[in-house]
Amino acid sequence: NAHHEGDRYETSLRGYQEAALRSQQSLSLLNFGQSAIFSVGLTSIMLLTSNQILAGTATVGDLVLVNGLLFQLSVPLNFFGSIYREVRQSLIDMESMFQLSDTKPNLVEKDTAVPYNP
């Protein structure tokens, strides 16, 4: 019986690990996509600002301003992605916990049972 329970635990653990790995891979892909889009956007804006500097309609300070502003806007993206993943996982764990607490036991103690005091 203990061998059977160990096998069931290993199967459940393996399934959880595979799901966690898929979740991490999807988050990594999301972060890569966000970074790629941000990098293309930043490069484009920097090129546009550089052209404005060459045309005399902007200064080097404007280039620094644009660069700093875009970096400050990008930092919360990864933070919000991580928070979303953690909240989602917590809600899934809570749902599993409530399902487990609603499970009725197969063995029910009799009303006349004597308390066990080792």
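All values below come from the heavy atoms of this structure, side chains included, with hydrogens, waters and symmetry mates left out.
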- Query: If only atom types and distance count, is the side chain of Asp62 paired as donor or acceptor with the main-chain N or O of Thr59 below 3.5 Å?
  - Reply: yes
- Note on the structure: Correct closest heavy-atom pair for Leu42 and Phe71 would be CD2-CZ, 3.7 Å
- Set of side chain to side chain donor-acceptor pair (under 3.5 Å) partners for Gln24, sequence neighbours left out: Arg85
- Find out whether Ser12 and Tyr9 are in side-chain contact, i.e. whether some heavy atom of one side chain is under 4.5 Å from a heavy atom of the other. no
- Query: Would a 4.5 Å heavy-atom cut-off, applied to side chains only, mark Leu91 and Glu95 as touching?
  - Reply: no
- Item | Spacing of Gln52 atom CD and Ile45 atom CD1 [to the nearest 0.5 Å] | 9.0 Å
- Roughly how far, to the nearest 0.5 Å, is the OG1 atom of Thr103 from the CZ atom of Phe98? 13.0 Å
- Message: When you measure from the side chain of Thr57 to the backbone of Ile53, do you find a donor-acceptor pair of N or O atoms at a distance under 3.5 Å?
- Response: no
- Note on the structure: Hits for side chain to side chain donor-acceptor pair (under 3.5 Å) against Asn106, two or more places apart or cross-chain, chain-then-number order -> none
- Message: Let me confirm one number: the CG-OG1 distance from Leu54 to Thr49, rounded to the nearest 0.5 Å.
- Response: 11.0 Å
- Is there a side-chain contact between His3 and Asp7 (heavy atoms, below 4.5 Å)? yes
- Message: Please determine whether the number of non-hydrogen atoms from other residues, nucleotides or ligands lying under 6.0 Å from atom CD of Glu5 exceeds 12.
- Response: yes
- Query: Roughly how far, to the nearest 0.5 Å, is CG of Leu21 from OH of Tyr16?
  - Reply: 12.0 Å
- Shortest non-hydrogen contact from Ser23 to Ser26? O-OG, 2.8 Å
- Message: Would you say that more than 12 heavy atoms from the other residues, nucleotides or ligands in this model lie under 6.0 Å from the CE of Met97, or not?
- Response: yes
- Query: Are Val66 and Val64 in one and the same hydrophobic cluster, where Ile, Leu, Val, Met, Phe, Trp and Tyr link if side-chain heavy atoms are under 4.5 Å apart?
  - Reply: no
- Would you mind reporting whether Leu29 and Gln25 have side-chain heavy atoms less than 4.5 Å apart? no
- Message: Rounded to the nearest 0.5 Å, what separates atom CG in Leu48 from atom OG in Ser44?
- Response: 6.5 Å
- With rounding to the nearest 0.5 Å, note down the distance linking OH in Tyr84 to CG in Leu27. 10.5 Å
- Query: Donor-acceptor pair, Ser50 side chain versus Met46 backbone, under 3.5 Å?
  - Reply: yes
